[in-house]
2 protein chains.
Amino acid sequence: MEKLTPKQQRVYDFIRDTLIDTGAPPTRAEIAQALGFASANAAQAHLRTLARKGAIELGSRRSRGIRLVNNSGEPASVDTAANDDTDDGLAVIGRVAAGEPILAVEHIERRVRIADDVFATPADYLLTVRGDSMTGVGILDGDLLGVKTASEVHNGQIGVFRLGEDVTVKRFFKSDTGAVRLQAENPAHADIQVDPEQDELVLEGLAVGVVRSIH
Amino acid sequence: MEKLTPKQQRVYDFIRDTLIDTGAPPTRAEIAQALGFASANAAQAHLRTLARKGAIELGSRRSRGIRLVNNSGEPASVDTAANDDTDDGLAVIGRVAAGEPILAVEHIERRVRIADDVFATPADYLLTVRGDSMTGVGILDGDLLGVKTASEVHNGQIGVFRLGEDVTVKRFFKSDTGAVRLQAENPAHADIQVDPEQDELVLEGLAVGVVRSIH
DNA sequence: GCCGCGACTGGATATATTTACAGCATGGAA
DNA sequence: TTCCATGCTGTAAATATATCCAGTCGCGGC
């Protein structure tokens, strides 16, 4: 994907935030208003550029026909403040493979009303965990994982990572040599060794909580 | 959530599928076409019904303004006697002294705002888990356990039991002979054998959910 | 029978939304 | 200097959408 300019990144981030907040992509007018443009056409121009660069896909003559193409090179968490509407709870935005990494599509499945103060660190959204690689720390298949977007992760923290096409939950470790190890918390699963120079590793966020419904 | 008719369920499913396929909810016309209606108004009527039943939320005059709410199934309970005061969240119960009712006001440590529909079965209160006897099923020391008061427990269900002076979380099994076994989900812990004739075993409630904050 | 509810058809209308066209300004590259 | 990408304003037209109104049909309860 071609690199985005700061302005274009803000447009992209707003689309993402709107998806999470409202369940649907924004219109040109909504983008213009949010970014302070007087004309919706400014937003239209940005969208064309984003589409040309491969960051999004546009549906022709389709209202709110904007799709995020996976793999935002940057963690995009510059202005998480955009996420503060709170009143309706958290969006469940997809599935995370916590085992053999499975393809994760970014979309909103539903919303769950969990207040900001339930987790020590407020979550920005929830992901449905798939797989059993983190059962050792009580994160089971089907659990909802509270995720807070972040731009950095410290040794030993549990984070949500994107490795190429896959999204996975693992415990993060980085050695002095720069090698990264994504550690599973289940003896049946091997750790994942990553060379940040070679592999495309993106931090999607930090795990801040778990919610499970017992049937 | 009120129960949906088969037709209504098909509409709901289509909304979900469209969300997954295109990244945005469908329009009335798209719903009508997909389900074979000649008029978009048929879809509109269905949407109104779904909204009334709480399955979705509709945005006014907003294109594709459809949000899935939470399909976790069961209607909110009617008899939430334990939920005495304000709907300001669930009470977190701390240490319970021997012989005292678990729901006594003095045991309430704080309140956590978790909506009724977060767990498939709404919880009446939250209990702070002590010990690691249930780590095998992802219930860890320090977790908040959602508990629903109940008068009976079936084989295999996880419940909160009072055994004399102690309150414990275990999986329940009753044999044909009437002997009760409270099973730990951790190899390091032995099961507890109970003779209901002899021992004082009280069911405080059923485990309906888990909430954990990751630091 | 009468009524409410679930499931529709058909048509009309007010908005919402996309998109094209015409410009303007800036800054870097050829 | 000219060309081109970025980043905008403003207006207008063409569509896409939501929503209202007026009916129809069948079914189960009162």
Side-chain angles (χ1 to χ4, degrees), chain A residues 1-15 17-19 21-69 73-74 78-79, chain B residues 1-19 21-69 75:
Chain A
M1 186 178 79
E2 236 180 288
K3 195 140 196 269
L4 303 183
T5 66
K7 212 56 190 279
Q8 289 162 4
Q9 187 65 50
R10 286 187 57 199
V11 175
Y12 183 94
D13 290 348
F14 176 70
I15 296 169
D17 289 342
T18 303
L19 263 168
D21 285 348
T22 74
T27 64
R28 274 67 169 165
E30 286 166 356
I31 295 172
Q33 200 195 344
L35 300 226
F37 307 153
S39 167
N41 203 30
Q44 171 78 323
H46 275 302
L47 292 179
R48 284 237 180 72
T49 309
L50 286 174
R52 179 168 53 72
K53 292 188 173 181
I56 63 174
E57 282 174 11
L58 290 175
S60 184
R61 286 164 201 284
R62 189 183 158 81
S63 79
R64 302 173 192 276
I66 306 173
R67 296 176 68 171
L68 298 185
V69 175
E74 292 295 308
V78 190
D79 49 45
Chain B
M1 188 175 77
E2 240 179 286
K3 196 142 194 268
L4 304 184
T5 66
K7 212 59 191 277
Q8 289 162 2
Q9 188 64 51
R10 286 186 57 198
V11 175
Y12 182 95
D13 290 346
F14 176 70
I15 297 170
R16 189 193 179 94
D17 290 346
T18 303
L19 219 32
D21 285 350
T22 73
T27 65
R28 275 67 169 163
E30 286 166 357
I31 295 173
Q33 200 196 342
L35 301 228
F37 308 153
S39 167
N41 199 32
Q44 173 79 322
H46 275 303
L47 291 179
R48 283 240 179 71
T49 309
L50 286 174
R52 178 169 54 73
K53 291 190 173 181
I56 62 173
E57 280 175 13
L58 290 175
S60 183
R61 287 162 202 281
R62 188 183 159 82
S63 79
R64 302 175 191 275
I66 306 172
R67 263 195 340 207
L68 301 186
V69 173

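Throughout, protein chains are lettered first and strands after them, A, B, ... in sequence-line order, and every chain is numbered starting at 1.
- Taking atom CD1 of residue I66(A) and atom C1' of nucleotide dT18(C), one finds them 11 Å apart after rounding to whole Å.
- The heavy-atom pair separating I31(A) from P26(A) by the smallest distance is CG1-CG, 3.7 Å.
- Protein atom CD of Q33(B) is 17 Å distant from nucleotide atom C1' of dG10(C), rounded to whole Å.
- Atom P of nucleotide dT17(D) and atom CD1 of I15(B) are separated by 15 Å, given to the nearest angstrom.
- The side chain of R62(A) has dT17(D) as its nearest neighbour among dT6(D), dT17(D), dT9(D).
- Taken to the nearest 0.5 Å, the CZ atom of R67(A) stands 5.5 Å off from the CD atom of E57(A).
- Contact record, P25(A) with R64(A): O-NH1, 3.1 Å, taken as the closest heavy-atom pair.
- In this structure, L47(A) atom CG and dC8(D) atom P are separated by 12 Å, rounded to whole Å.
- Of the candidate nucleotides dC8(C), dT17(D), dT9(D), dC8(C) has the atom nearest to the side chain of K7(B).
- The heavy-atom pair separating L47(A) from I56(A) by the smallest distance is O-CD1, 3.6 Å.
- Each of T49(A) and A38(A) has a nearest nucleotide on DNA chain D; the 5'-most of these lies closest to T49(A).
- Across dC8(D), dG10(C), dG10(D), the shortest atom-to-atom separation from the side chain of S39(B) is found for dG10(C).
- What separates CG of L35(B) from C1' of dC8(C) is a distance of 12 Å, to the nearest Å.
- In this structure, of dA16(D), dT17(D), dG7(D), it is dT17(D) that holds the atom nearest to the side chain of R64(B).
- When distances run from any side-chain atom of S60(A) to the nucleotides dC20(D), dT19(C), dA7(C), the shortest one goes to dT19(C).
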Table of protein N/O atoms under 3.5 Å from nucleotides 28-30 of chain C N/O atoms:
none

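- Going from atom CZ of R28(B) over to atom P of dT15(C) covers 16 Å, rounded to whole Å.
- Counting to the nearest Å, the C1' atom of dA14(C) and the CD atom of Q44(B) are 14 Å from each other.
- Nearest to the side-chain atoms of N41(A) among the listed nucleotides dT6(D), dT9(C), dA20(C) stands dA20(C).
- Of the candidates dT17(D), dT9(D), dT9(C), dT17(D) carries the atom nearest the T27(B) side chain, counting heavy atoms from C-beta on.
- If you check dA5(D), dC8(D), dG10(D) against the side chain of F37(A), the one that comes closest is dC8(D).
- Counting only heavy atoms from C-beta on, R48(B) has its side chain closest to dC20(D) among dT18(C), dC20(D), dA7(C).
- Between S63(B) and dA16(C) there is no side-chain N or O to OP1 or OP2 distance below 4.0 Å.
- Under a 3.5 Å cut-off, the side chain of E30(A) and the backbone N or O of T27(A) do form a donor-acceptor pair.
- Checking dT17(C), dC8(C), dG6(C) against every side-chain atom of R52(B), the shortest atom distance belongs to dG6(C).
- Within the 4.5 Å cutoff, the side chain of R10(A) has heavy atoms near those of the L35(A) side chain.
- Side-chain atoms of R28(A) do not come within 3.5 Å of backbone N or O of A43(A) as any donor-acceptor pair.
- With hydrogens and angles left out, the side chain of T5(B) and the base of dG6(C) share no donor-acceptor pair within 3.5 Å.
- Summarising the geometry, the separation between CZ on R61(B) and C1' on dA16(D) is reported as 15 Å, rounded to the nearest angstrom.
- When all heavy atoms are compared, the tightest approach of A55(A) to Y12(A) is O-CE1, 3.5 Å.
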